[in-house]
Amino acid sequence: MNYMPGTASLIEDIDKKHLVLLRDGRTLIGFLRSIDQFANLVLHQTVERIHVGKKYGDIPRGIFVVRGENVVLLGEIDLEKESDTPLQQVSIEEILEEQRVEQQTKLENEKIKVQALKDRGLSIPRADTLDEY
Amino acid sequence: MTCLEGPHSNQGPDKSCGPMAPEEELVSSSQLEEEEEENEEEEEDLDPDLAPDLEEGVDEEEEDLGDPAILSAVTNTQRGLPSSPGIKASGALGMSPASLHFLWQTLDYLSPVPFRPTHPSTSSPVRHFGPRLLPPDPYVFCSPPTSWSPRFSLPSHLTQLHPQHQRILQLQQHSRTPRSPAKKPWSRQSDAYANLMTRKEKDWVIKVQMVQLQSEKPCLDDYYYQNYYQKLEKKEADQELLGQRSKVESLKLVTPYIQKAEAYESVVRFEGSLGQVAMSTCFSPRRAIDAVPHGTPEPEIGAASSQRLRVLSWIEKMFLQLLEIEEGKKNGPPQSCYSEQQRNQVEKLFQALKTQEQSNLEETADGFLQVLSVRKGKALVARLLPFLPRDLAVSLLLAVIHHLPLLVKRDAADQVLQMLFKPLGKYISHLTFHELLQGLQGLMLLPPGSSERPVTVVLQNQFGISLLYALLSHGAKLVSLDPSLEEPSSDHTAWTDIVILIAWEIAQMPTASLAEPLTFPSNLLPLFCRHVDKQLVQQLEATMQLAWIY
């Protein structure tokens, strides 16, 4: 804002902790170290956070270089408030297990729905498969 | 706070404070001696030599003091205060070095980083750019107590915050002030990796972004920001007048003006050759042989639809001309007389409106009618009327009166004729009696093969009835002003006939179908009284009053 008043820029966000949501649904948390004109990001000390219900688990990932077009949104994390969360942190194994279970139930429900629709002669294209070529 | 005022007085517009300092550090006095020597030797840019020494151990997971990081951070802050170099000032201000550093870090973090336009490293064409350099926002220096966490950036008036967000931030500000001194907001791991992106690199990214923003006409391309900024400036000027002493200047985005590379013909034709030779430079790589679309004559669509399309495209072209005229009026000096050029433009537009490239006189009127049948055409005429000289406007008015029944019929769908009333109404008073009579007589004629006079249709439409009343009122005024018209003449009889006829028609009409006029001239009823018998007048009164009320 100070460099370019009236615009939105990532320059002021450098060296701050950010939460980045990617297009594939991953949530990354890390220090934003570098940017460029395409909003490609360099994240440092990155952690991939998986949320399942009220639990979350962190997978340390190191340094990430994210292509700008894959970012949905990002926001600065208030370091003081970071620990002030109702969510419960669990171990990586546990959260991965939880995630797998969640995916499974989702798939099963989806299958039931698709079957029900098929029985009635309808077919709805799945939004997540539309993106694939 | 004295400590705050000191650095404030030192900061001038050309200071280049270092980039945003890393957020939190603890300072130990042992460091300070080392830094003192480093101060003097520094260049403008952050030397890579001063970059944190990784081996000295910032462990990523733990909360450690990263001593080299402090070095770079402190030197950054100190650069903002050249006249009171580093540590020596601390003695003068009577503060411990630790808290002074703390303070400088706060200030450095909060002060807007001025953007140096003449950066020695950038190439010359880029030298122009950069936002206006201003003294750091005094707002910044007025408020924060030392314990205020710098972690959220100060919302300047340029930051658009959601009102909820703003409230939350304010609450935080208020709640933070009585903070227990034991809990230090700085007590986090020092950022050993800060400033990996150097100042030069940041400037480069900003340069690229600025280049993308450049434009020849910002008022068009960046309309909303320019208007917003004008409003902001006005508000600040008003505030200044009202007595808020400090001249708070707000920053404006000034995009660089970079000369565009000369456009060149990338495809060269040699005479007599069969093909094209493609030329390219490093700035504009090879362009493919241009494919030129040849204008093929459009196939004849149905006559009616093509006619309509032609009218619509004609209206669009005229509208563009009208917008130019309006723009000229807006930008030019605020005077009622128009420049020669403007008058020509208006004249041209009027001709375009009237003629529509048709030589036949009958079709001329028809063209005008067609324009008026379209909603946008009505808007066009309504907006053009203020610009027209009187005689042209009067001729338009007469044309409208003449074709009033037709217009009313065609307007049934849109019901937007009303927009024409105000501009046209102004010119009614310029009509002569004769013209008025002619127009009204046209409305009274019984068309062949129909028992209904056109006036009936007119009375049922709001615009029509308003126009009619206005015309009658004008006629009455003319008659009252000019005693010569009172004498029995063909004109006078014609006038009386018209009045009686209209009165009769109004009385005949069921009240429900009588439209409500936009204005009700006061001299109408007396006019009717004079020419019509009492019973009819009473009937009229009832009808018209009722219609007026509803």
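In this text the structure is predicted, and so the values were computed from the model without any measurement. In what follows, chains are A, B, ... by sequence order, proteins preceding strands, each numbered from 1.
The stretch residues 55-112 of chain A participates, sequence neighbours left out, in these ring-ring contact (aromatic ring centres under 6.0 Å, His included) pairs: A/His51-A/Tyr56.
In this structure, the side chains of B/Leu213 and A/Thr7 come closer than 4.5 Å at one or more pairs of heavy atoms.
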Would you give me the side-chain donor-acceptor pairs under 3.5 Å for residues 116-124 of chain A, sequence neighbours excluded?
from, atom 1, to, atom 2, distance (Å)
A/Asp119, OD1, A/Gln115, NE2, 3.2
A/Arg120, NH1, A/Ala116, O, 3.0

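Interface residue A/Ile35: backbone and side-chain heavy atoms are both found under 4.5 Å from chain B.
Distance check: B/Trp204 CH2 to A/Gln37 CD gives 4.0 Å after rounding to the nearest 0.5 Å. For the atom pair OG of A/Ser9 and CD1 of B/Ile206, the computed distance is 5.5 Å after rounding to the nearest 0.5 Å.
Here the closest non-hydrogen pair linking B/Met197 and A/Arg33 is CB-O, 3.4 Å.
Side-chain N or O atoms of A/Asp15 include one that pairs as donor or acceptor with a backbone N or O of B/Asn195 at under 3.5 Å.
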